Number of protein chains: 2
Amino acid sequence: MNPKFYGLPQEKQQSILNAGFHVFAQNTYKKSPMSEIALAAGISKALLFHYFHNKKELYLFLWDTCARITVEEMTRSGAYEQTDLFGSMDHGMQAKLRLMRQYPDIGSFAVRAFYEKDPEVSAEIQKSMGQYLQVHAAKKLEKLDPEDFIPGIDLQMMYKEMYWASEGCLWEYIQRGIMDIDAMEKDFRALLDFWKTVYLRKGREEAEK
Amino acid sequence: MNPKFYGLPQEKQQSILNAGFHVFAQNTYKKSPMSEIALAAGISKALLFHYFHNKKELYLFLWDTCARITVEEMTRSGAYEQTDLFGSMDHGMQAKLRLMRQYPDIGSFAVRAFYEKDPEVSAEIQKSMGQYLQVHAAKKLEKLDPEDFIPGIDLQMMYKEMYWASEGCLWEYIQRGIMDIDAMEKDFRALLDFWKTVYLRKGREEAEK
DNA sequence: CCTCCGTTAACCGTATCGGTTAATACCATT
DNA sequence: AATGGTATTAACCGATACGGTTAACGGAGG
């Protein structure tokens with residue numbers, strides 16, 4: 001990959017990244033044409049090939065960038081430090097939303113790339129994704145104090161359920177293709193508040209009044 | 001569309017449908033080649049063109065079939081008659097699972113087709129989807145008796161949350177591409193049970209013991 | 001006027017597309 | 001064995017789209 005790419009104005013860099021995320025998110029690797037990416041980025045195909053010597057290189061660069069900025073944003077948001085469950089979910093989602101504001105298609109791209117089957121890229125994707133996802137769920141659960149929650153609740157199930165609900169909410173927007181981040185934030189806030197009144201002992205007591 | 005298609009053995013018909021669902025679910029309409037569908041269905045491209053005169057016809061046929069069998073399965077499962085909320089969700093998901101067992105990619109196809117932008121098909125998709133989704137949520141909520149649920153709960157939010165969670169759970173499987181329907185059913189059952197203990201007044205009382 | 005450099009139009013060889021055609025393979029009837 | 005019909009396909013067609021290259025354009029600095 002041509003280092004001159006980093007010399008580009010930030011804005012141009014982002015529009016190229018976003019064009020790549022967008023096109024690769026919609027179709028298979030093989031069926032995502034470089035010409036389409038160049039068009040979406042507002043540059044010529046030749047120039048795109050000037051910055052990235054071939055399609056594979058661009059694809060893997062996008063993948064690495066995607067992983068890098070996600071981890072960056074996550075740590076910067078402090079999502080990993082938070083001890084309070086809802087607090088850390090809040091920070092995490094905050095980070096995700098900030099990301100999606102800058103790179104609307106980064107989520108869809110990440111999922112597609114992760115499950116991409118094309119032998120030209122799949123191996124390297126799988127190899128490099130070590131840190132990228134999860135692991136945190138289990139550790140997060142251990143630290144929870146059951147006393148904070150309503151009696152008898154299955155905390156693991158609760159966590160899984162919350163995760164699915166936020167993913168489901170996210171996907172509703174992603175699929176629709178309308179990236180209204182503000183609306184997403186509102187929805188997610190509502191979810192968090194709802195969970196607090198339902199799952200937290202304290203929340204329950206207040207709601208019953 | 002050639003009526004001889006219905007003369008085919010059920011098994012062959014399904015394999016063609018599934019091939020279509022699969023390929024069209026993975027890529028845009030324009031970038032989903034007929035040859036690939038034929039290959040996946042185990043027939044020649046020429047024969048596929050014998051049953052469906054052109055790509056557009058096959059696509060719209062798949063869409064109609066998708067809508068038809070979904071409604072069929074839903075009504076057959078009795079999901080629409082049920083008055084109890086969890087009961088109707090149970091029946092509904094049961095129907096969905098049965099569908100996905102027969103047509104693993106029908107879900108992904110439906111979503112993609114619904115949001116397809118290609119002018120060659122998008123208009124007709126939008127036109128014909130009248131009954132296909134929603135409407136039921138609002139009516140279902142009106143019939144709920146707040147006395148059955150824990151006091152102070154926002155029923156609309158609860159419903160939305162449950163919907164998102166099941167969608168999120170579903171998508172996790174769909175995205176992964178491994179259609180382990182039995183595992184999905186188990187997960188969904190667990191969700192339902194969890195919700196009952198958390199949201200239902202009766203469930204809460206039992207759990208607190 | 002020259003040179004450098006970001007940028008692109010135009011090009012190249014090849015692969016793939018939607019769709020057709022003419023010929024096969026198959027099978028029941030005579 | 002010859003016949004006729006039907007299911008199925010290999011081979012083909014013109015058009016287009018692909019990844020990647022090249023030669024040239026245009027503007028800024030000297």
Side-chain angles (χ1 to χ4, degrees), chain A residues 1-17 19-20 22-63 113 116-122 124, chain B residues 1-17 19-20 22-63 113 116-122 124:
Chain A
M1 168 266 190
N2 191 332
K4 278 174 192 168
F5 175 75
Y6 291 121
L8 257 46
Q10 206 71 28
E11 176 197 339
K12 206 85 202 165
Q13 280 186 49
Q14 281 206 19
S15 84
I16 293 177
L17 291 180
H22 182 72
V23 174
F24 281 124
Q26 298 263 341
N27 298 94
T28 322
Y29 168 75
K30 216 180 72 178
K31 295 200 181 138
S32 297
M34 291 291 270
S35 54
E36 208 168 297
I37 297 174
L39 182 73
I43 61 175
S44 72
K45 189 177 61 158
L47 187 55
L48 186 58
F49 271 103
H50 177 64
Y51 292 128
F52 305 93
H53 307 83
N54 53 51
K55 187 162 139 179
K56 180 177 172 181
E57 189 182 283
L58 169 59
Y59 189 75
L60 294 177
F61 175 79
L62 285 174
W63 172 255
E116 174 66 55
K117 302 267 196 333
D118 194 309
E120 195 174 339
V121 291
S122 65
E124 300 180 60
Chain B
M1 168 265 188
N2 192 332
K4 279 176 191 168
F5 175 75
Y6 290 122
L8 258 46
Q10 204 72 27
E11 176 196 338
K12 206 83 202 165
Q13 281 186 48
Q14 281 207 18
S15 85
I16 293 177
L17 290 179
H22 182 73
V23 174
F24 281 124
Q26 298 262 343
N27 298 93
T28 321
Y29 168 75
K30 215 181 73 179
K31 296 200 180 138
S32 298
M34 291 291 270
S35 54
E36 209 168 297
I37 296 173
L39 182 74
I43 62 175
S44 71
K45 189 177 61 156
L47 187 55
L48 186 58
F49 271 103
H50 176 65
Y51 292 128
F52 304 93
H53 308 84
N54 53 50
K55 187 163 137 178
K56 180 177 172 180
E57 189 182 282
L58 169 59
Y59 189 75
L60 294 177
F61 175 80
L62 284 174
W63 171 256
E116 174 66 56
K117 301 268 196 333
D118 195 310
E120 195 174 339
V121 291
S122 65
E124 299 178 62

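The shown structure was predicted, so the numbers you read here are calculated from the model rather than taken from an experiment. Naming convention: chains lettered A, B, ... in sequence-line order (proteins, then strands); numbering from 1 in each chain.
Whole-Å rounding puts the B/I43 CD1 to D/dT8 P distance at 8 Å. Straight-line distance from the CG atom of A/L39 to the P atom of D/dC18: 11 Å, rounded to whole Å. Rounded to whole angstrom, the span from the NZ atom of B/K4 across to the P atom of D/dT8 amounts to 10 Å.
In this structure A/Q26 satisfies the side-chain contact (heavy atoms from CB on, under 4.5 Å) test together with A/H22, B/R112, sequence neighbours excluded. In this view, A/E36 and B/K31 satisfy the salt bridge (charged side-chain N to carboxylate O under 4.0 Å, His left out) rule, not counting sequence neighbours. For B/Q13, the side chain to side chain donor-acceptor pair (under 3.5 Å) test picks out no residue, with sequence neighbours left out. Residues forming a side-chain contact (heavy atoms from CB on, under 4.5 Å) with A/L47 (at least two apart in sequence, or on another chain): A/I43, A/S44, A/H50, A/Y51. The side chain to side chain donor-acceptor pair (under 3.5 Å) check on B/T28 picks up A/N27, with sequence neighbours excluded. Annotation: salt bridge (charged side-chain N to carboxylate O under 4.0 Å, His left out) contacts of B/K56 (sequence neighbours excluded): B/E124. Listed by chain and residue number, A/M34, A/K45 satisfy the side-chain contact (heavy atoms from CB on, under 4.5 Å) test with A/F49 (two or more places apart in sequence, or in another chain). Considering only residues two or more places apart in sequence or on other chains, B/K117 meets the salt bridge (charged side-chain N to carboxylate O under 4.0 Å, His left out) condition with none of them.
Here the nucleotide nearest the side chain of A/K45, chosen from D/dA7, D/dG20, D/dC12, is D/dG20.
The stretch residues 50-61 of chain A touches DNA chain D through A/N54, A/K55, each having a heavy atom within less than 4.0 Å of the strand. For the segment residues 7-17 of chain A, the set of residues with a heavy atom within less than 4.0 Å of an atom of DNA chain C is empty. A heavy atom lying under 4.0 Å from DNA chain D marks none of the residues of residues 22-31 of chain B.
A sub-4.0 Å separation between OP1 or OP2 of D/dC18 and a side-chain N or O of A/S35 is present.
For the pair B/Y59 and B/A113, the tightest heavy-atom approach, listed with the atom from each and the gap, is OH-CA, 3.3 Å. Minimum interatomic distance between B/P119 and B/S122 (heavy atoms only, all atoms of both residues): CA-OG, 3.7 Å.
Although no hydrogens or angles enter the test, the distance criterion places no donor-acceptor pair under 3.5 Å between the side chain of A/K30 and the main chain of A/E120. One N or O on the side chain of B/N54 and one on the backbone of B/E57 form a donor-acceptor pair closer than 3.5 Å.
Geometric assessment of A/K55 against the ring of A/Y29 yields a positive cation-pi assignment under the 6.0 Å and 45° thresholds.
Running 5' to 3' along DNA chain C, contacts with non-hydrogen atoms of chain A at under 4.0 Å begin and end at C/dG6 to C/dA9.
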